[in-house]
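Each remark here refers to the structure printed beneath this line.
Here is the naming used below: chain letters follow the sequence lines, and residue numbers restart at 1 for every chain.
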Amino acid sequence: MQRVRILFIATLLILLTAGIGSRLVVLQGLEWREHALRASSMHRSIRYFPAPRGRILDSRGIVLACDIPVVRASFLLSELEPVRWVARRLAKKVHGVNSKFPWDEAALWNSLQGARSSLRHQFGIVEEMANHPWLRKLDQKTGQEVARAVRLRPEDYPGVVVTDEGHDYTIYIDPNLLFAGEIGIRRMERELELERGTLWDKVEQAYALVQDPERDIQEREWIFRHQRHPLQDAVPAHLVVKISTDPENWPGIHLEEVRNREHPGGSFLGQLLGHTGLPSQAVLDRWKQRDEPVIDRLVLRDLRVFEVLQEFSHHSADQVGRSGLESVLEQRLRGQPGAEVRILDHLRRSVGDPLHVARARAGDDVKLSVDFALSRWCQDLLVSRDIDFGAVVILEVDDGSAIGWTSLPAQGMEVYRDRALYDERSQSKSGWFHDRVSAWAIDPGSTFKTVVALAALQAGVVTADEKILCNGILDPSQTNRNRCNNHPHGIELNLSAALARSCNVFFYTMGQRLGVEGIVACGEQLGLWRNSGCGIASESAGIRPVTNPTGTAIGRGFTTTPLQMARIALTIACRGQGPGIRIIDGIIGESTAPDIDQKHFETVIDGMVSAVRDRGGTAFKPSYGLTTYDVAVKTGTAKRGQSPLNDAWLIGFAPVVQPKVAFAISVQQVALGGGEACAPILSEILNRLEQQRGWDLSR
Amino acid sequence: MISLIQSWLRDWKEGWIGPALLLLLTTGLLLVIGTIFVHSAADGPEGGFPGPYSSSHMKKILVGLAGMLAFSCIPSKQFEKYSAAFFWGTIGLLGLLLLWKWAQGGVVRWIRIGGFGLQPSELAKISTILLVAQLLRNGERLRQWKSLLKVLAMAALPFLMIAAQPDLGTALILAPTIAAMFWVGGISTRKFIALGVTALLLVSSCGWPLLTNYQQDRIKSYLGIGEVALESAGGYQVAQSIIAIGSGGPTGRGLHLGSHHDLGYLPEDHNDFIFSVIGEEWGLVGTISVLLGFLVLVLTMLGVAWNCRDPFGRLVAVGVATQIGMQAIINQAVTVGLLPVTGMPLPLISFGGTSIVVTLMGIGVVISFARKPVEVIHPDGLQRGTSSVQHRPIRAQTHPDQP
């Protein structure tokens, strides 16, 4: 019985083996041509997606910076053309038949390159090129073997045609197939109306890297087999359609979606937002030091490893912040790259659904306190008044939020995409690359008198009631120095009146009494000459005064930024305890708590109110339009050396009691004074705020 | 001393003509094919032969061949004598692995000793065969349900421990092996069918939740149920395997010219899917040769079982033959898409370590029985069931019943 059962098991195993044998006969006997074609064409492709960057939004959710997907063409060297495979296979076949054949694989390859050079002038121009004779006078035996191999497996010898010439054989090459890669790229140059060779040179450069003996073999292998070399950014739609619907005619060219960073507002807020770019070598080295891989440089077979690395990885096409908020907020804005595994057929069409998808994760959106509409309106206002250089910053008094932020000249991402423009502007002295609100420090002019006034009151070198006679000159024995032409001469002014009329002689005297150190000490308490801590990039601290107390007292010989002066106005509006400036959600700047009695602030505020309301005040003129507003201001005019042009200033807040908004306006390189240039602008801004926010700022 | 050596040499020279030689030749042929294709799949032609993978493979083959020759010289009684100790030793090793897994987590299938890795689950395959053969040798245990179930429980122990690693593929191969041994051991057809149906019911009702996600995905993908990412289910691997095999055609693309696996589209090309590489490079000629090679190997071992007078030897031969045969068939069936992916390598051909060594040891055990068949004393003498191997003296031996 046991033997019967052994026989049963044997029979079962034979039947199972026969089943597998029949399946093999079907696969390898009946269906093999179909599978051979699939094998030569189908391949799995892992596609990596750059990390989507988070958006930068204004206070109302308007997008200030975002990613825009564009289609980029890139190429894979190993897929570009089958020339090397053909040379290798032919060499093996020929030497298998005739070991004395004079040419080895390298010689065949060089010969094919020679044929390419002779035909190159037709690439991308002639649609259908004729077959080109290559190897002549092959003996019968070799020719028959090669012909048979090509006939049985034409997909292994694309572009090879073997012809029996009677006595011998000739191998022709069909350049349309064999050199399809270069033909496709030349055709692309023609479609894009580029100079011939613009794109093919990139392929040659990539080949040169592969042949560079200085590089190690693994890197060369990666460059040849796996690296996608950029060919052309922002491929136009008609070409995208052609390449994607007829990939057979564009071998080796891949279309991939990458992300360009755009500022929908154009150049507005450009310097504040900054710009992004592809990772530089320094950035790549930094990632390497932190063990953060560049994912598309790894050769992975599936996504299991990718999913572990995704959180820490980057993509070589990631946009990295290079300046401004894009740089400062890099860690918050950067996302995580994604990947998907697809099977592609010989036409590079996807077969079925993706095998595995690891979705890219967008970075966090960052909200700013800036009101895009208000700020943009301010810019339009300045431009409408033919102002080329200037800044407006508007702060909410309650929490220090910067709701208005305008800088002229405005510059956006366009300068980083135009080499000539970049060169021109980087050499210009107009400070194109600097945000004029926070990074462009200039003489504050008479607006600084508010600081001197507070310093003098707190130091006790003057009282609110003390009057000083102004005859238009501090020292009559030095008639060409320390003059005052801001008001009629021969009147006595107290501190408030001196502020209102911006009397230089009064403040020269204060300067002499305080000394530079006394002035600087007060200025530092009020936040001058240091960063506000609100987190923006490249904030300028300005230049602290060190000498000339009289000049310092009227705001000459040192520099501050409009942001710092707005902070002064904010502190005065708050009567001392000023909140930190906020511009980035989640980051609060340094608050001010100067050691100055509140009554002194009231004295200074009286003077600032009088500047608008009292006849003789620097902002009094009805034509300025400020008299109807409940506002306290200090104007300033800083001369620009020997130039006839000035930098006009105005700082202040409104309303006077329970203020809502503090501001600084700087109109630069104009022939006007602070009141004349800035007061009308402030009037319109206050009107706009009333309309937009419903605030009651009127008297 | 000299006479001892002479006696040993005489013993060693005996018995090679016949099934033992056929087993040796067939095994050798499969090993050579395996080495060639491990080199083609893993090393490639550029580095020359042998490459790192083929070198490692050959070293393991040498160890395995040494083990095989050593086992083929061991008297068959020794296998029976030490089968229990061997079995419990491997159970101990499996237990250690499970303890490590519970402590550290993850998948643990190897024990590293120095620079060598040992896979206890492979050892358990041969030790289970030896123990079950020893328990079933006289067929008594198969008559009573109680004793039958005890034997089954012993055989199920390594099965469950291996499946818990998890290594379901290796565990599963024990099932047909034990079933064949029970069948040849003399279990009644009714009991056999009852056990089979019960096992099927248990697996279908309780087995599914115990499977890991990727194991469930593989089965779902194979059955075409639900939406499963092909990659995790092995559907992609099988699709590429079929393309690779089919594209080989009748005569193959040539050694080292199989671009489908060479370009990385066929995963695990030197392990579970090496049959696909053979199919791509040597075509139908190569695959049928391998198929026939395994068939000859297995039928020769069954022939040894047929001729073996010792029930223990018969059962061991059947066990080893079934194990190798079924593993080969399952591996080949997976590569041609007839079964879901199991992760089972092709015996003697796939790149591996413990698997090759243990398989060769198993063949060595069968060769031992083929070289030195043991006569069983029948109550009516030698007339019934006379062995065809008559040209060597046969020594009568007694057989203890208890393990």
Stepwise side-chain hydrogen bond (donor to acceptor under 3.5 Å, both in side chains) test for A:R361 and A:Q310: CA-CA 9 Å; A:R361 293 177 201 156; A:Q310 189 178 17; 3.1 Å; yes
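- Both the backbone and the side chain of B:V184 come within contact range of chain A, with heavy atoms under 4.5 Å apart.
- Looking at A:I14, the atoms closer than 4.5 Å to chain B (heavy atoms on both sides) sit in the backbone and in the side chain alike.
- With respect to B:R253 and B:E281, no salt bridge is recorded, no charged nitrogen being found less than 4.0 Å from a carboxylate O.
- Formation of a donor-acceptor pair under 3.5 Å by the A:R23 side chain with backbone atoms of B:V336 is found in this model.
- Across A:L13, A:I6, A:L7, a single residue satisfies side chain to side chain contact (heavy atoms under 4.5 Å, CB included) together with A:I9, and that is A:L13.
- Heavy-atom distances place the side chain of B:L299, and not its backbone, under 4.5 Å from chain A.
- By the 4.5 Å heavy-atom criterion applied to side chains, B:M301 and B:I324 are counted as neighbours.
- Both the backbone and the side chain of B:I187 come within less than 4.5 Å of a heavy atom of chain A.
- Contact of B:L295 with chain A is made through the side chain alone, with heavy-atom distances under 4.5 Å.
- Note on B:A317, B:G279, B:G283, B:A328: by heavy-atom pairs under 4.5 Å with chain A, the leading option is B:G283.
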